[in-house]
Trainee: 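My structure is below; once you've seen it, I'll send some questions.
For the single chain, residues carry numbers from 1 onward in sequence order. The figures here come from the full heavy-atom set of this structure, side chains too, leaving out hydrogens, waters and symmetry mates. What you see is a predicted model, and the numbers here were worked out from it, not measured in a lab. We count ligands from 1, going down the list as the structure has it; atoms in each ligand are counted the same way.
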Amino acid sequence: MRIFDPHIHMTSRTTDDYERMAAAGVRAVVEPAFWLGQPRTSAASFTDYFDSLIGWEPFRAGQFGVRHFATIALNPKEANDPRCRPVLDLLPRYLDKDAVVAVGEIGYDSMTPEEDEAFAAQLALAVAYELPALVHTPHRDKARGCERTLAVVAESGIDAGRVVVDHLNEVTVKLVRDSGCWLGFSIYPDTKMTPQRMVELLRAYGTERMLVNSAADWGRSDPLLTRATGEAMLAAGFSDDDVDKVLWRNPVEFYGQSGRLDLSDVEEPTAVDPQTGNSILRGGS
Ligand SMILES: [Zn+2]
């Protein structure tokens, strides 16, 4: 099983995690910029963080054979802090970098006017830099947050096929499905989605435009829940090809729209089993 985790905060994870992820089949990850758990006190604090997302972290991931990409943005929560807003002016510098495959995480946290502004401004950046956008949906008042998110996305003029709306569940799946955006699901140990609930949604809505991530960060989360979801799919009668589509080809297609997703050295060498010469693209190991 080859796995691309399209949303994980590796900065908060240990090398043990990289080791276990690589052993479980995780070969590539996208790390979205987000908040630190405590407020940043100035825009300068973002530059060191962004630099580590495109420098140190890809290097660290590479030690374990995992390909690392980033998305860059002012996150929704900190859009409300006037000390952080000036970072909007620094984003263009980062959106030019090869390791950056989308603008994100953007969207709503508490749905304030400040968040409105930062969200719209960053969707405009995604359009200007021809990058996809990773959009976080609020954890409270999910249906209303999701509706408003989709309205802002539509208003921005960005192609819906270049947007993933993330942290969806049974309440919000249909709204996003109908919008033409990609659907992101974060599988968590005890909140958000579980592997079993994810399987039910894949049964009901199919595998098109569906992305499954662990969204693992510094909180209680588990970077192996992508793998667990693949196993749950197989146990429920999905084919190896279905699993490969959801856990590999879909994220590759979505972030590939950046034109910057170079997977040459992770995709090719593992495509053929050196022992048998058989293709293992369909998840043979
Ligand atoms: Zn996140």
Trainee: Under the criterion side chain to side chain donor-acceptor pair (under 3.5 Å), which of His167, His136, His7 is the partner of Ser186?
Mentor: His167
Trainee: Only counting residues at least two apart or in another chain, list the ones meeting side-chain contact (heavy atoms from CB on, under 4.5 Å) with Glu147.
Mentor: Leu175
Trainee: For Tyr255 and Trp182, I'd like to know if the aromatic rings sit close, meaning centre-to-centre distance below 6.0 Å.
Mentor: no
Trainee: With sequence neighbours left out, write down each residue that passes side chain to side chain donor-acceptor pair (under 3.5 Å) with Thr137, or none if nothing qualifies.
Mentor: none
Trainee: Between Arg209 and Cys181 (side chain of the first, backbone of the second, donor and acceptor by atom type, cut-off under 3.5 Å), is there such a pair?
Mentor: yes
Trainee: Tell me how many protein N, O or S atoms are within a distance shorter than 2.8 Å of the Zn ion (ligand 1).
Mentor: 3
Trainee: Just jot down the side-chain contact (heavy atoms from CB on, under 4.5 Å) partners of Thr14, sequence neighbours excluded, or say none.
Mentor: Asp16, Asp17
